[in-house]
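In the text below, chain A, chain B and the rest are named by the order of the sequence lines, each starting its count at 1. As the structure is a computational prediction, the values presented were derived from the model and not from experiment. Scope of the values below: all heavy atoms of this structure, side chains included, with no hydrogens, waters or symmetry mates.
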Amino acid sequence: MGDAGLVTWRMVVAGMMLAACSRDAGVTVSSGYAFAPVSGTSMSAYVTLVNRGRLGDTLVSITSSLGSAAVHQQREMAGMVHMEPAGPIAITPGDSLTLAPGGRHVMLELSSRTPAVGDSVPLTLHLARGGELTIRVPVRAYGDSP
Amino acid sequence: MKFQRMLLPAALLAMCACKAAPKPAASATAPAAKADSAMAMHGLELLPPRPKPEFTLTDTEGKPFDFKRDTHGYATLLFFGYTHCPDVCPVHMANIAAVLHNLPPTVSQKVKMVFVTTDPERDTPKVLRAFLDKFDAGFIGLTGSPDEILAAQAAAKIPAATKEVPDTGGKPGEYFIGHAAFVFAYTPDGMGRFLYPFGIRQNDWAHDIPRLAEWATQGS
């Protein structure tokens, strides 16, 4: 509820800004991939976002037409890895946000078909300022990150 | 977004010391005289080495598995994880499997990979078997009652996995498992000598697994 209100407020403010701001390069996706499910009906996906603009933005959520999605945050503390919902993530100008194994990931709970290696999966990024951005990321097998 | 914190058991604090230790390979300050086989390994050396723990759990065939007895004489990799794990567990399994598949059978046959579930509620023997089979049908999957799994972790001196329910932002009934992120490696002489934290790569495993398998014959 609070997040939705925040998004609206920010969008209004953004809309009131000078036209130059709307031409701001903003947040773009520089890479992404997903791991093919091992067994079961969930899969993890990763993206790297770069804020090439002059204004900060916030990744509010990531959704997918393949099922429910949530960004989860893992933290390693003293050899233990813990996980929790990530919540909104700010991306300051010139900064990047990398979702990567062992850190943050998009957890996709698949509602129908199970993608395999070689397929691609759609992800929609919801940015507080930049709005929606839908991309497709390739599906690869588990193993070292590229 | 509050993170649900928990008390850190003493074993975990002991693990902090291990985690804080530099990678042996990167230890430029180590005396030259210590340039033995352990120093050349890519895993984190455990000092002092720990004897293999004694615990019995149930394998995916429903049979008792006596960890110490049934892995006797093998290089043994021990990991506590769960099949709903987004990446740490499957990445470890995928990397180890890929490396074992590239080794000559004479070497890979000397290695046992043991995966103990920390989520027995969801990881039935069937679920565990299906998960491990995607990596290597020879990987051993173990389960048990929550108390038996806790006892196994205590015996291995591994911080106990925890079931964590998110304070906010979670879905109804959703829970996460906090668990040790590293793989424990025992050499064929039954001693736990190395830890492999998350982030260790296939080329690190490719370097270390043959050395773990041949440890006794290295005259360490």
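- Of residues 93-104 of chain B, those residues lying under 4.5 Å from chain A by any heavy-atom pair are B/A94, B/N95.
- Among the candidates B/G178, B/P90, B/A130, the residue making the largest number of heavy-atom pairs closer than 4.5 Å to chain A is B/P90.
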Could you walk me through whether B/F176 and A/H72 pass the side-chain contact (heavy atoms from CB on, under 4.5 Å) check?
-> CA-CA 10 Å; B/F176 301 132; A/H72 290 162; 3.5 Å; yes
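- From B/D87, atom CG reaches atom CZ of A/R104 across 13.0 Å, with rounding to the nearest 0.5 Å.
- The shortest side-chain heavy-atom distance between A/E76 and B/V88 does not fall under the 4.5 Å cut-off.
- Closest heavy-atom contact between A/M80 and B/P159: SD-CB, 3.4 Å.
- The two residues A/M107 and B/P86 make their nearest non-hydrogen contact at CE-CB, 3.6 Å.
- No more than 12 heavy atoms of other residues, nucleotides or ligands lie within 6.0 Å of OH in B/Y74, so this atom counts as exposed by the packing criterion.
- Smallest separation of non-hydrogen atoms from B/E164 and A/H82: OE2-ND1, 2.5 Å.
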